Amino acid sequence: MSDLLRAKLPDGSVKELPAGSTAGDVAAAIGPGLAKAAVAAVVDGETVDLVRPLEGEVELRILTERDPDALPVLRHSAAHVLATAVRTLRPGAGIGFGPAIDEGFYYDFEVEKPFTPEELERFQSEMERVVAEDQPFRRRRVTKEEARELFADDALKLERLEEFGADEVITVYENGPFLDLCRGPHVPSTGRLSNFTLLSTAGAYWRGDERRQMLQRIYGTAFFKEKDLQEHLERLEEAKKRDHRLLGKQLDLYSTDARVGPGLVLWHPKGATVRMEIENFERELILRHGYELVYTPHVVSERLFEISGHLENFAENMFGAMDVEGGRYRPKPMNCPGHIAIYQAHQHSYRDLPIRMAEFGTVYRYERSGVLHGMLRVRGFTQDDAHVFCTRGQVSDEIVRLLDLVHEMLTTFGYPYTVELATKPEKALGSDEDWDDAEAMLADTLRARGVPYEVDEGGGAFYGPKLDFKLIDAIGRKWQGPTVQLDFNLPERFGLEFVGEDNERHRPLMLHRVLVGSMERFVGGLVEHYAGAFPVWLAPEQVRVLPISEQWEESARSLVADLKGAGIRAALHGRDTLSARIRDAELHKVPYMAVVGEREAQAGTVAVRRRGAGRKQVIMDRPEFREQILEEIRSRALDPEFQRNEEG
RNA sequence: GCUGGCGUAGCUCAACUGGUAGAGCAGCUGAUUUGUAAUCAGCAGGUUGGGGGUUCGAGUCCCUUCGCCAGCUCCA
């Protein structure tokens, strides 16, 4: 044991202090400014408090407010302050866990009466009081025995405590009246918190287990800088304004109806137009990429799902069976068995492979009522589903083709994206070797292509590993995008075959892939991405023609006819004042307003006002206007703020 | 499914502790003929999500059921 602390800093220099010195001491030794700005430290890769005594040779980095790694420390401390406040105002409250999360923090409490929104405000005020007291966070190592005594009245903490191994370090943190079993680290004192807010309250199962009791969770968020907190709250506001349920109503795109059934979507004409354009685009795209289109029935004999294994692995998500002449039928939850049946309609030679079969297939899945959410989580949805039947040797090529396809598709909508490789889940079919093999195939192809990716452990489908593409929308949120799943299981279950070069029978592999995934979810996501302002090619109404007065309606009518004749979705809006009609068009987010008055009618021109551009208008010849819009549609141009990023 | 909250006109929302359901927008009709984000007037619109109960009286209180919302759990 050394009596010295040798701290190696990121710049390579070394600070020597007496053993037992803390990261805070190191910061002070470097400079008073840093000592003041320090929040926590990273010692040998582990984030620790400034007050933790250190010794020996360590690599040390001081975290300041500017460091992204410091934010979770602050938020975790905020969770403790919240618990401090709750314990003061609700003395008997049991405490569960209170971690920092991506967007903030939460703390779970066991209470007789759930929290009310008014109570949140009182907690917030009490937290402010705790912060004003500037209580230091004190860390203490304790034995299991000591901990048992300290938390004698905290059943939840005791339960957690018993999971500690004999030689694990157990620590508690104390600030003012509050003591928590906690690994830390924390900011030096509660006074470091200034910009925090409590956001919501909701039930949450203890330990995330729906068989256990439900606790009351309080969510909040915290930042070092007031500006960051304000921006975060503004982002939440912005997200609210973009909510696809709200915009879907305002723009008359889609709805659901309790009489039709929850989670079953009604596509109104305008929403259907958007969907149709997406489908047309995708159809064109995949035909170009070597796919063939198929159709399969919505209701299928249950026998098919016995073979596929869906009944065994997916039954809790399937609609119930219906009896038809003694046979049991099910609405299909997936399209793959149907496509396989098409594959098996005749024999295949290796020369036929790969076979790429695509369908906009509507599937029905039973989702528990509490999970339904607008268009994003529904019970009936249409997948742009495709299955590639190929040999093992062709997989790599097929993945490469898919990467290209996905790229073209996502950049068209103006989505940057990231890639994740999802590996074997707990509940899975097939041998470990097959899984390892398949995961390696996907990873190798990605690496060969130079596509960066992250690994999602255990996130695969039950029949094979998958590549998940995550879209990043206009306000930086991630969405589930295309997925590609490798499947060696269904070919086995169905006994798929092809005749090889050697005249022997071989088993093909299958790739399942979707691009938009669910049409419903994708359109819902697009609405939020574009904030309802669709690019011209997708806009349900592309041009609204506005005569200045009734006198020019005839001229306006001929413009509408001309545009419609060219396949442009144009509509005439007469009556009312021009201002009122402009306002209406803006509110409906029609991309072009075409004004026709005396000057335009006589010159054969049109005054073109672009959505969101205010009074800036351009006078154009009518054919020129028509051709410009046609070109915009043809190229599927995006509004400037969504310009395609060809780097992906 | 679970915890909590919410369901009033097509939409957004009012209606004190139980005492005659109301407004704006949208719609319809008429007037106005308008040059770039709301012209004026009139009319119509409701078994207050459904069912049951308490009460002289229920939008309001209770029970039940359906749906929606925030999360949890689960997922495209």
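Residue numbering restarts at 1 for every chain, and letters A, B, ... go by the order of the sequence lines. From a predicted model like this one, the values you see are computed outputs, not experimental measurements.
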On a whole-Å scale, what distance lies between the [atom1] atoms belonging to [N] and [M]?
N	M	atom1	result
G7(B)	C43(B)	C1'	29 Å
A26(B)	A38(B)	C1'	12 Å
A70(B)	C25(B)	P	30 Å
G19(B)	G59(B)	P	9 Å
G42(B)	C56(B)	C1'	40 Å

Open item on the list: If we ignore hydrogens and angles and just use 3.5 Å, is the side chain of Gln542(A) paired with the main-chain N or O of Val536(A) as donor and acceptor?
Closed with: yes
TODO: Determine, stepwise, if the pair Lys332(A) / Phe305(A) fulfils side chain to side chain contact (heavy atoms under 4.5 Å, CB included).
DONE: CA-CA 9 Å; Lys332(A) 63 175 171 180; Phe305(A) 299 118; 3.8 Å; yes
Within this structure, what is the [atom1]-to-[atom2] distance between [X] and [N], rounded to whole angstrom?
X	N	atom1	atom2	value
Lys249(A)	C11(B)	NZ	C1'	8 Å
Leu199(A)	G5(B)	CG	C1'	17 Å
Glu550(A)	U33(B)	CD	P	10 Å
His573(A)	A37(B)	NE2	C1'	13 Å
Ile582(A)	U34(B)	CD1	C1'	12 Å
Arg581(A)	U39(B)	CZ	P	10 Å
Asp576(A)	C40(B)	CG	P	11 Å
Asp584(A)	U36(B)	CG	C1'	14 Å

Pick base, sugar-phosphate or nothing for [X], based on heavy-atom distances below 4.0 Å to the nucleic acid.
X	result
Ala607(A)	base
Glu600(A)	base
Ser369(A)	base
Glu598(A)	base

Open item on the list: Can you confirm whether more than 12 heavy atoms, excluding those of Glu624(A), are under 6.0 Å from its CD atom?
Closed with: yes
TODO: For atom CG of Asp102(A), decide whether the heavy atoms of other residues, nucleotides or ligands shown that lie under 6.0 angstrom number more than 12.
DONE: no
- [ ] Sequence neighbours left out, what passes salt bridge (charged side-chain N to carboxylate O under 4.0 Å, His left out) with Asp639(A)? Give chain and number order.
- [x] Arg610(A), Arg611(A)
Residue pair [X] / [Y], side-chain donor-acceptor N/O under 3.5 Å:
X	Y	result
Thr423(A)	Glu457(A)	yes
Ser255(A)	His268(A)	yes
Tyr592(A)	Gln628(A)	yes

Need the pair for [N]. Rule: Watson-Crick or G-U wobble, both distances under 3.5 Å, any strand; none if unpaired.
N	result
G1(B)	C72(B)
A37(B)	none
A14(B)	none
A21(B)	none

Task: CA sep, side-chain torsions, deciding dist, call: Phe319(A), Tyr366(A), ring pair (Phe, Tyr, Trp, His ring centres under 6.0 Å) - done: CA-CA 5 Å; Phe319(A) 274 71; Tyr366(A) 165 67; 7.0 Å; no
Task: Pair of N/O donor and acceptor under 3.5 Å linking U36(B) base with Arg615(A) side chain - done: no
Task: base_contact_polar (U33(B) base, Gln551(A) side chain, donor-acceptor, <3.5 Å) - done: no
Task: Distance test, side-chain N/O of Thr577(A) to OP1/OP2 of U39(B), below 4.0 Å - done: yes
Task: Pi-cation contact, Phe381(A) with Arg275(A) (under 6.0 Å, within 45°) - done: no
Open item on the list: Would Arg75(A) and Phe105(A) count as a cation-pi pair here, with the cationic atom under 6.0 angstrom from the ring centre and within 45° of the axis?
Closed with: no
At a cut-off of 3.5 Å, list every protein nitrogen or oxygen paired with a nitrogen or oxygen from nucleotides 45-48 of chain B, distance to 0.1 Å.
none

Open item on the list: Treating primed atoms plus P, OP1 and OP2 as sugar-phosphate and everything else as base, which nucleotides of nucleotides 69-76 of chain B get B, S or - for protein heavy atoms under 4.0 Å?
Closed with: SSBBBBBB
